[in-house]
Amino acid sequence: MTDSPFATAPNDPERSNRTCRLPGGRKLGYAEGGDPNGVPVFYFHGFPGSRLEATLLPPSGIRLIGVDRPGYGLSTPRPRRKLADWPQDIAALADHLGLARFGVVGVSGGAPYASSVAHGLPDRVNALALVCGLGPPDAPGMMFGRTGSVGSALRYPGARVFMAALGRRIMLSDRALHRMRAWRMRRRPRPAADMELRNGPMMQFMVASWREGLRRSSLGMAADARIYGEPWHFALKDIAVPTGIWHGREDTVVPVSIGEHYAAHVPGAVAHFSENDGHFSLAVNAYAAVTDFLKARA
């Protein structure tokens with residue numbers, strides 16, 4: 001494994017806590033990481049997560065703009081939001097920032113949102129990068145294993161709200177988080193590549209991002225849990241921008257079968273499957289390749 005690029009990530013509070021007022025009055029929270037003069041790329045966080053994930057990466061020729069989905073972090077909740085609503089929010093934020101064109105990257109639970117933006121704004125998106133991403137509900141593996149444990153509760157509004165509230169409570173407590181992680185390790189050990197990162201700076205950064213996303217409420221997490229189980233408003237074959245896919249074959253959080261589904265159905269997609277990477281290690285080890293892909297297609 002390479003040294004984690006997260007260890008020396010800059011922390012600029014002014015760049016990390018920005019908001020944009022959208023038409024209609026809602027606020028969208030965003031953070032900027034990487035190179036302020038670099039190629040603009042919108043970063044869509046995981047489940048749960050926050051805009052802060054974009055600030056964990058060092059300068060790389062990429063101006064990485066992490067965005068809180070409604071109900072997470074600094075973003076105003078949006079009742080009954082849909083996956084199809086996200087491109088309009090990003091278009092408004094891009095206009096606010098003066099960006100005519102940009103790349104998009106979705107990591108884990110952010111992949112459906114990145115895909116939606118690439119489909120909905122083809123004249124503005126230079127390229128789409130999907131990293132260990134969740135997919136449409138019909139993708140093999142979406143409703144089984146750890147991913148399926150989320151899916152089993154998606155049909156019931158009360159269960160979604162309870163799950164999100166419980167997840168928030170656990171995430172905000174050091175003791176509860178430690179006990180949950182120990183329990184999950186007994187049930188299904190992490191791959192070696194992920195274990196190397198478990199107690200390092202990357203995991204500390206990720207916990208801070210999760211907590212920021214859930215600090216005000218669990219509404220964003222509850223909405224995501226519903227959306228992940230809903231049919232998409234477009235087909236993968238209709239994505240018409242250059243697409244790169246990265247997934248670890250040792251991923252025990254999001255099955256590699258989902259990455260293979262993207263690769264089989266997105267026209268012209270270039271897929272990279274790492275034999276030894278898990279869920280978290282992939283973000284570290286594929287970092288340079290993902291940024292090179294996005295810069296080359298700017």
Side-chain angles (χ1 to χ4, degrees), residues 29 43-54 56 66-83 86 106-113 131-135 137 141-190 194 197-199 202-230 251-255 258 278-280 283:
Y43 177 101
F44 304 131
H45 62 75
F47 172 77
S50 77
R51 67 193 183 282
L52 297 184
E53 288 181 23
L56 311 186
V67 192
D68 289 330
R69 293 191 286 278
Y72 284 102
L74 298 177
S75 289
T76 308
R78 181 176 184 175
R80 298 176 295 280
R81 65 177 167 96
K82 301 285 188 180
L83 184 62
W86 192 233
V107 177
S108 192
Y113 293 92
V131 182
C132 56
L134 292 179
M142 270 296 290
M143 293 301 162
F144 300 95
R146 289 192 179 184
T147 311
S149 68
V150 175
S152 64
L154 297 178
R155 314 168 200 173
Y156 308 106
R160 287 196 298 267
V161 172
F162 173 79
M163 181 186 70
L166 178 62
R168 176 176 183 266
R169 186 171 181 177
I170 291 172
M171 195 60 62
L172 297 181
S173 164
D174 287 340
R175 181 179 180 184
L177 183 60
H178 175 77
R179 292 178 68 178
M180 183 196 72
R181 290 169 66 185
W183 174 77
R184 291 178 70 175
M185 277 300 302
R186 288 194 298 270
R187 290 187 68 234
R188 184 179 298 182
R190 297 272 191 194
D194 278 355
L197 300 172
R198 181 180 172 88
N199 297 314
M202 178 189 174
M203 189 55 63
Q204 296 170 21
F205 284 133
M206 291 305 298
V207 170
S209 174
W210 296 335
R211 288 177 169 174
E212 170 60 20
L214 297 172
R215 181 162 55 93
R216 290 172 174 80
S217 77
S218 58
L219 293 175
M221 190 175 180
D224 272 354
R226 168 179 52 80
I227 287 169
Y228 293 142
E230 293 176 341
D251 194 328
T252 60
V253 179
V254 177
I258 298 174
H279 193 69
F280 295 99

(request) Keeping the roles fixed (side chain from Ser218, backbone from Arg168), state whether a donor-acceptor pair exists under 3.5 Å. (result) no
(message) Is there a side-chain contact between Arg81 and Arg69 in this structure, where contact means two heavy atoms from C-beta onward sitting under 4.5 Å apart?
(response) yes
(message) Can you give me the closest heavy-atom contact between Leu219 and Pro77, atom names plus distance?
(response) CD1-CG, 3.7 Å
(message) Is any side-chain heavy atom of Val107 closer than 4.5 Å to one of Tyr43?
(response) yes
(message) How long is the straight-line distance from CG of Leu56 back to CD of Glu53, given to the nearest 0.5 Å?
(response) 7.0 Å
(message) When you compare the side chain of Leu177 with that of Arg169, does any pair of heavy atoms fall below 4.5 Å?
(response) no
(message) Restricting to side-chain contact (heavy atoms from CB on, under 4.5 Å), what partner residues turn up for Ala222, sequence neighbours left out?
(response) Ala164
(request) For Arg78, check side chain to side chain donor-acceptor pair (under 3.5 Å) against everything at least two apart and list the hits. (result) none
(message) Would you say Ser108 and His279 are linked by a side-chain donor-acceptor pair, where the criterion is simply a distance under 3.5 Å?
(response) yes
(request) Just jot down the salt bridge (Lys or Arg N to Asp or Glu O under 4.0 Å) partners of Arg215, sequence neighbours excluded, or say none. (result) Glu212
(message) To the closest 0.5 Å, what do you measure between CG (Asp251) and CZ (Phe280)?
(response) 8.5 Å
(request) Would you check, one step at a time, whether the test side-chain contact (heavy atoms from CB on, under 4.5 Å) holds for Arg160 with Met221? (result) CA-CA 9 Å; Arg160 287 196 298 267; Met221 190 175 180; over 6 Å; no
(message) Please enumerate all residues that pass side-chain contact (heavy atoms from CB on, under 4.5 Å) together with Ala176, with sequence neighbours excluded.
(response) Ile170, Ser173
(message) In the structure I gave you, are the side-chain heavy atoms of Ile227 and Trp86 within less than 4.5 Å of one another anywhere?
(response) no
(request) Could you list the residues that satisfy salt bridge (Lys or Arg N to Asp or Glu O under 4.0 Å) with Asp68, not counting sequence neighbours? (result) Arg51
(request) Could you tell me whether Asp174 and Arg179 make a salt bridge, using a distance below 4.0 angstrom between a side-chain N and a carboxylate O? (result) no
(request) With sequence neighbours left out, write down each residue that passes ring-ring contact (aromatic ring centres under 6.0 Å, His included) with Tyr72, or none if nothing qualifies. (result) His45
(request) Determine the minimum heavy-atom distance between Gly133 and Ile258, stating which atoms define it. (result) O-CG2, 3.2 Å
(message) Within the 4.5 Å heavy-atom criterion, are Leu83 and Tyr113 side-chain neighbours or not?
(response) yes
(message) Tell me if a side-chain donor or acceptor on Tyr228 pairs with a main-chain N or O of Gly135 at a distance below 3.5 Å.
(response) no
